[in-house]
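Index from 1, following the sequence.
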Amino acid sequence: MNKDDLEYLISEFTKAIEEIKDGKKIDSEKKRAEADRKIFAKYLKYDRFDEEEYMYLICTLINSFCSTRMGADRVYATTMKFIKSAELIKNVLSKKEPLSDDSLNKIHEALCQKIQLTEPGSREFTPYSFATKFLAFHSEYSSVGGEGIALFPIYDSQVGTIITKYGLKKKQTLEKFINKWTFTKNEEVFDLLDYFKDIRTIDLRNYPQFYKLMRILSLSTGLNFTQLDRFLWKLGDKVQKT
């Protein structure tokens, strides 16, 4: 089977789903992952998003655990940006149901835009991937999400590699993919597809579009966001090394 074909991606998804049915975990993580989880479980809070000390601590932990390599200045600048949206963060993390277009757009505008450091000659940077991790990890350990299941999808280069490589940014290819799964009887899948009817190519760095794409993949395959993220990361790592 050609590793560049959509059928190869489907076969890899099938293997992962069967492993989960057999009680196995999709584990793309290093041995230290359990220690990371214990620290998150201990320190993540859901009502302190306006506190500089708390936010800087958590942003530093995420930067370290996820090896984002942003640098201390960027981590601090991101902290200050997120603090300004404390109420928004608290609000979206309290929702059990899928996020509305309004909430998704607010996340994109408030947390995912470029930041300019104040130091002379500093370049702008975009904390987009970092914002998705911040929301995902908090929801994974909250009373709303919890149980190790994130309510927000994570964007990173590994995920982007797979979605781009196998054409899932294109509606026609995406439809071919989801029609392979029996899970795709969910009415919401087709409502989400309709969202993309006037979009030629899905923009992975547009948070509303990325969120809806990942929800389609989640509903189609039966993998939750956490399982989906680990699977795509693991496959992306494999693809990038070949």
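- Qualifying side-chain contact (heavy atoms from CB on, under 4.5 Å) partners for S94, counting only residues two or more places apart in sequence or in other chains: none.
- Under the 30°/60° scheme for interplanar angles, the aromatic rings of F231 and F13 are found to be tilted.
- Residue pairs meeting the salt bridge (charged side-chain N to carboxylate O under 4.0 Å, His left out) criterion with at least one partner in residues 188-210, sequence neighbours excluded, are E188-R215.
- Taking D101 as the reference, K212 meet the salt bridge (Lys or Arg N to Asp or Glu O under 4.0 Å) condition, with sequence neighbours excluded.
- The side-chain contact (heavy atoms from CB on, under 4.5 Å) check on S64 picks up nothing, with sequence neighbours excluded.
- The side-chain contact (heavy atoms from CB on, under 4.5 Å) test applied to T68 returns N63, C66, M70, F130, K133, not counting sequence neighbours.
- Every residue two or more places apart in sequence or in another chain that forms a salt bridge (Lys or Arg N to Asp or Glu O under 4.0 Å) with D36 is listed here: R32.
- Residue pairs meeting the ring-ring contact (aromatic ring centres under 6.0 Å, His included) criterion with at least one member in residues 88-117: none, sequence neighbours excluded.
- Side-chain atoms of Y141 do not come within 3.5 Å of backbone N or O of L44 as any donor-acceptor pair.
- Residues L223 and L217 fail the side-chain proximity criterion, which asks for heavy atoms closer than 4.5 Å.
- Residues passing the side-chain hydrogen bond (donor to acceptor under 3.5 Å, both in side chains) test with K171, sequence neighbours excluded: none.
- Aromatic ring pairs are classed by plane angle as parallel below 30°, tilted from 30° to 60° and perpendicular above 60°; the pair Y128 and Y155 is tilted.
- Close placement of the Y76 and Y56 rings is indicated, their centers lying within 6.0 Å of each other.
- Residue pairs that meet the salt bridge (charged side-chain N to carboxylate O under 4.0 Å, His left out) test with at least one member in residues 104-117, sequence neighbours left out, are D102-K106, K114-E124.
- In this structure K165 satisfies the salt bridge (Lys or Arg N to Asp or Glu O under 4.0 Å) test together with D4, sequence neighbours excluded.
- Evaluation of the side-chain contact (heavy atoms from CB on, under 4.5 Å) rule for K238 yields K3, Y8, E12, L235 as partners, not counting sequence neighbours.
- At most 12 non-hydrogen atoms from other residues, nucleotides or ligands lie less than 6.0 angstrom from NZ of K176.
- Contact detail for K95 and L151: the closest heavy-atom pair is O-CD1, 3.8 Å.
- For residues 49-78, every residue pair satisfying the salt bridge (charged side-chain N to carboxylate O under 4.0 Å, His left out) rule, not counting sequence neighbours, is listed here: R48-E51.
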